[in-house]
Amino acid sequence: MNDRYYIRIIIRKIEKKLNWSKVTFWTDNEYKKLSSLIYEDTSISISAQTLKRLFGKIKYKDDYKAQPATKDALARFLNYSNWDEFIAGHRQSIFKFVPLFRKVKIGNHEYGIMVLALSAIILVISIAVVLAGFKEKSIPFYAENIKGSVPHTVSIHYDISKFKNDVYINFDQNEAEDKTEGELLNKNLTLINHCFESPGYYNVKLSSRGKEVASTKVHVLSDGWSSYYFNNDNFSQRKFVFGLENRVQRSGETGMLYISPTELNNKGFNGNTVYYLEHLLYNDFQVSADSCLLEVRYRNSSEIGGISCYDVEFRIIGENGLASVILVQKGCYRWSELTIGEKQLNGKFNDLSFLTADLSSWNTMKILTSDNKVFMINNSDTIFTTSYNQLLGQIKGIRLVTKGSGAFDYVRLFNERGELSFDDEFGEEIP
C-alpha cells in the first residue's frame, strides 16, 4: 500500500478524534487549528498549507509526498510512536482466492462443482471482527486547553453513547498503588472538566475493560519551582503524588534550593521523621531530551538535614519518556535507580554500586544525551553510559528529589548546540 492509502486512514481517525465535520467541509480555520494542535501534542510543526496538500484540499497532478517527520508527527498525534508503528497496525492482509468453480473428475466424467473459497470465508469473518472491534474501540474524543499555567482546567469532549461497556477516565493523578481505572463516565454526557492544581505532564486516558481507548497529554506549567513534602514510602518508580496540602512555600532566595527541617516544622510539616522533598519545574524549555545536557550542583548530608541513607534524584521528564538517576550514600546502593527511555534498573535486583557518592560535600551531576545514548557524569567521572531506543521527545519538566533536606546550588540546561537554555542560581552563589 502507498502512503496515500494510510493518509486516508489518518484523515478518518483525526476526524473522529477531534469530532469535527468531514475533511471535505474544512475551511482554512480547521487546518490552522489542526496545525496548532499537532504542534502542541508533538512539538513538530506542520503548516496549514502542508496539511491541505496531504488532505487533498489543494489538488496536485500526483499524490503529494510527505516528509518522514511530517508522517511521524501525524502518527504521534494519534498516539502511535511513529509512522512505521501506525502502518504496522493498519497493514491489510492479502488473501488468495480459489476459483468459485472447478472441474472434478469422477470416473470418465467431469463435473462443474461450485466451491466456496475458504479464503472468502476468512475475509468475511475478518471484516466482521474488525468492524466489531472498531465499533467498540473508536470514541469521538478531543481535549481543549491541553497546556496552561497552574492551576489549569482542561475540557475533555467525548461521545460514548453507543459504547457497549463502561468507560473510565483517568487524569493521571492517582496514588502509585491505585490500580483502579479512574472515574466512571456518564454515557448521557459529552463533556468533563478537570482542574489540575499541581504542575506536571499528565497522560489523560479513557479506558474500558482495562484497555486504553483514547488519550491525550496535558502540560501544566509551574510558576517557578514547586516544592513538596512527602513522608510515606508508597511510590512506584519514584512517581510521587502530592496534593496542595503537601506543598511547601519557600521563604525567599537564599542562594540554594533548600528547605531546612526547622523551616518545615515552622510550616506545620514534621521535619523530625523520615521524609522526602521534591522540587518540580515544568516549562516549555524548547529543548530535546534526546540531545541536551542537564547540570546540577547538589549536596545532601546530616549537617544540613539529610537522612541516612542519603540520596538525590535527578530527572529529565520528556514527552515520551524519562532520563533519571538516583545517587545514594556509599554503602546504600540497594536504593539506587536508573530510568532511561525503555530501560529501568534498580539496586534491589542489579549491581548499581557505581551510583554512590560522598554527598556530604558539593558535587556536580551531569546528564548528557546524544544520538540515542546517555552519559551520567558525577563531577569529572563518567559513572554510567548506555544506549536506548525509545526517544524521549521534548523536555516538559525537571524534577529533583532528596531524602531529607538536601540542597541544590544551581540548575543549568543546555540544548543540542551547547547553548545555555535555562539557568537558575537561586540567588547568591554558594562557595
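Positions are given from 1 along the sequence.
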Seminar exercise, completed: Heavy-atom nearest pair, K57 first then W26, reads NZ-O, 3.1 Å
For this session: Begin from the C-alpha positions of K217 and D41 and carry the test side chain to side chain contact (heavy atoms under 4.5 Å, CB included) through to its verdict.
Result: CA-CA 7 Å; K217 299 289 182 65; D41 205 28; 4.3 Å; yes
Seminar exercise, completed: Closest non-hydrogen atoms of I340 and A323, given as atom of the first, atom of the second and distance, are CD1-CA, 4.0 Å
Exercise. Is the count of non-hydrogen atoms from other residues, nucleotides or ligands lying under 6.0 Å from N270 atom CG greater than 12?
Worked result: yes
For this session: State whether a side-chain donor-acceptor pair under 3.5 Å links T50 with S47.
Result: yes
For this session: Any chance you could measure E303, atom CD, to S361, atom OG, to the nearest 0.5 Å?
Result: 10.5 Å
For this session: Establish, from distance only, whether the side-chain atoms of Q49 and Y31 form a donor-acceptor pair under 3.5 Å.
Result: no
Exercise. Would I304 and Y258 satisfy side chain to side chain contact (heavy atoms under 4.5 Å, CB included), going step by step from the backbone distance to the final call?
Worked result: CA-CA 9 Å; I304 61 174; Y258 171 68; 3.8 Å; yes
Problem set entry | Side-chain heavy-atom pair I259, H279 within 4.5 angstrom cut-off | yes
Exercise. Between N186 (side chain) and N188 (backbone), is there a donor-acceptor pair under 3.5 Å?
Worked result: yes
For this session: Mind telling me whether Y142 and H157 have parallel, tilted or perpendicular rings, with 30° and 60° as the class edges?
Result: parallel
Exercise. Judged by atom type as modelled, is there a donor-acceptor pair below 3.5 Å linking the side chain of S208 to the main-chain atoms of D166?
Worked result: yes
Exercise. With no hydrogens and no angle check, is any side-chain donor or acceptor of N300 less than 3.5 Å from a backbone partner on D311?
Worked result: yes
For this session: Could you please spell out the steps behind the side chain to side chain contact (heavy atoms under 4.5 Å, CB included) verdict for I192 and Y158?
Result: CA-CA 8 Å; I192 185 168; Y158 62 92; 4.0 Å; yes
Exercise. Once you round to the nearest 0.5 Å, how far does CG of L293 lie from CD1 of I316?
Worked result: 8.0 Å
Exercise. Do we see a donor-acceptor contact under 3.5 Å between the side chains of T369 and D290?
Worked result: no
Exercise. Among side-chain atoms of S215 and E212, is any donor-acceptor pair under 3.5 angstrom?
Worked result: yes
Exercise. How far apart are the closest heavy atoms of V150 and S222, and which atoms are they?
Worked result: CG1-CA, 4.4 Å
For this session: Apply salt bridge (Lys or Arg N to Asp or Glu O under 4.0 Å) to D72 and list each qualifying residue two or more places apart in sequence or on a separate chain.
Result: none
Exercise. Can any side-chain N or O of N346 pair as donor or acceptor with the backbone N or O of Q344 at less than 3.5 Å?
Worked result: no
For this session: Would you check if the side chain of R299 reaches a backbone N or O of S360 as a donor-acceptor pair within less than 3.5 Å?
Result: yes
Exercise. Would you say the side chain of N389 lies within less than 4.5 Å of the side chain of N372, judging by non-hydrogen atoms?
Worked result: no
Problem set entry | Check: R76 and F86 side chains under 4.5 Å, non-hydrogen atoms | no
For this session: Give, for atom CD1 of I156 and atom CG of N145, the distance between the pair rounded to the nearest 0.5 Å.
Result: 9.5 Å
Seminar exercise, completed: Interatomic distance, CD1@I326 vs CG@L338, rounded to 0.5 Å, equals 8.5 Å
Problem set entry | Pairwise side-chain contact, D28 with K52, heavy-atom cut-off 4.5 Å (strictly under) | yes
Exercise. Taking the side chain from N378 and the backbone from S380, do they hold a donor-acceptor pair closer than 3.5 Å?
Worked result: no
Exercise. Are Y298 and F408 close enough, and set up right, to give a ring pair (Phe, Tyr, Trp, His ring centres under 6.0 Å), and what steps lead you there?
Worked result: CA-CA 4 Å; Y298 69 95; F408 301 94; 7.2 Å; no
For this session: For the residue pair Y228 and S198, establish whether any side-chain heavy-atom pair is separated by less than 4.5 Å.
Result: yes
Exercise. Would you find a donor on one side and an acceptor on the other, under 3.5 Å apart, between the side chain of N170 and the backbone of G182?
Worked result: no
Problem set entry | Over all atoms of both residues, closest heavy-atom pair of R297 and W362 | NH2-CB, 3.5 Å
Exercise. Given side chains that start at C-beta, do those of V328 and L355 come closer than 4.5 Å, heavy atoms only?
Worked result: no
For this session: Mind running side chain to side chain contact (heavy atoms under 4.5 Å, CB included) on L392 and N320 for me, showing each step along the way?
Result: CA-CA 5 Å; L392 308 179; N320 304 316; 5.7 Å; no
For this session: Could you grab the distance from atom CD1 of I10 to atom CG of L74, nearest 0.5 Å is fine?
Result: 5.0 Å
Problem set entry | K373 side chain to T385 side chain, donor-acceptor N/O pair below 3.5 angstrom | no
For this session: Please work out which of the three classes, parallel, tilted or perpendicular, describes the rings of F384 and F354, given edges at 30° and 60°.
Result: parallel
For this session: Taking atom CG of D371 as the centre, report whether more than 12 heavy atoms of other residues, nucleotides or ligands fall under 6.0 Å from it.
Result: no
For this session: Taking atom types as modelled, find out whether D424 and W225 have a side-chain donor-acceptor pair closer than 3.5 angstrom.
Result: yes
Problem set entry | Non-hydrogen atoms of V374 and Y388 that approach each other most closely | N-CE2, 4.3 Å
Problem set entry | D351 (side chain) donor-acceptor with S353 (main chain) under 3.5 angstrom | yes
Exercise. Aromatic ring centroids of Y275 and F230 under 6.0 Å?
Worked result: no
Problem set entry | Pi-cation contact, Y410 with R412 (under 6.0 Å, within 45°) | yes
For this session: Measure from the side-chain N and O atoms of E319 to the backbone N and O of Q394, and report whether any donor-acceptor pair falls under 3.5 Å.
Result: yes
Problem set entry | Side chain proximity check, S36 to K32, heavy atoms < 4.5 angstrom | no
Exercise. Counting distance only, does the side-chain N/O of N82 pair as donor-acceptor with the main-chain N or O of E85 below 3.5 Å?
Worked result: yes
For this session: Go through the steps for Y202 and F171 under the test ring pair (Phe, Tyr, Trp, His ring centres under 6.0 Å), then give the verdict.
Result: CA-CA 7 Å; Y202 300 98; F171 290 101; 9.3 Å; no
Problem set entry | Heavy-atom check, side chain of E30 versus side chain of W20, under 4.5 Å | yes
Seminar exercise, completed: The salt bridge (Lys or Arg N to Asp or Glu O under 4.0 Å) partners of E197 (sequence neighbours excluded) come to none
Problem set entry | E40 side chain to H219 side chain, donor-acceptor N/O pair below 3.5 angstrom | no
Problem set entry | Partners meeting salt bridge (Lys or Arg N to Asp or Glu O under 4.0 Å) with K147 (sequence neighbours left out) | D284
For this session: Give a yes or no on whether a salt bridge exists between R399 and E313, defined as a side-chain N under 4.0 angstrom from a carboxylate O.
Result: yes
For this session: Identify the two heavy atoms, one from E15 and one from V23, that lie closest to each other, and give their separation to 0.1 Å.
Result: OE2-N, 2.6 Å
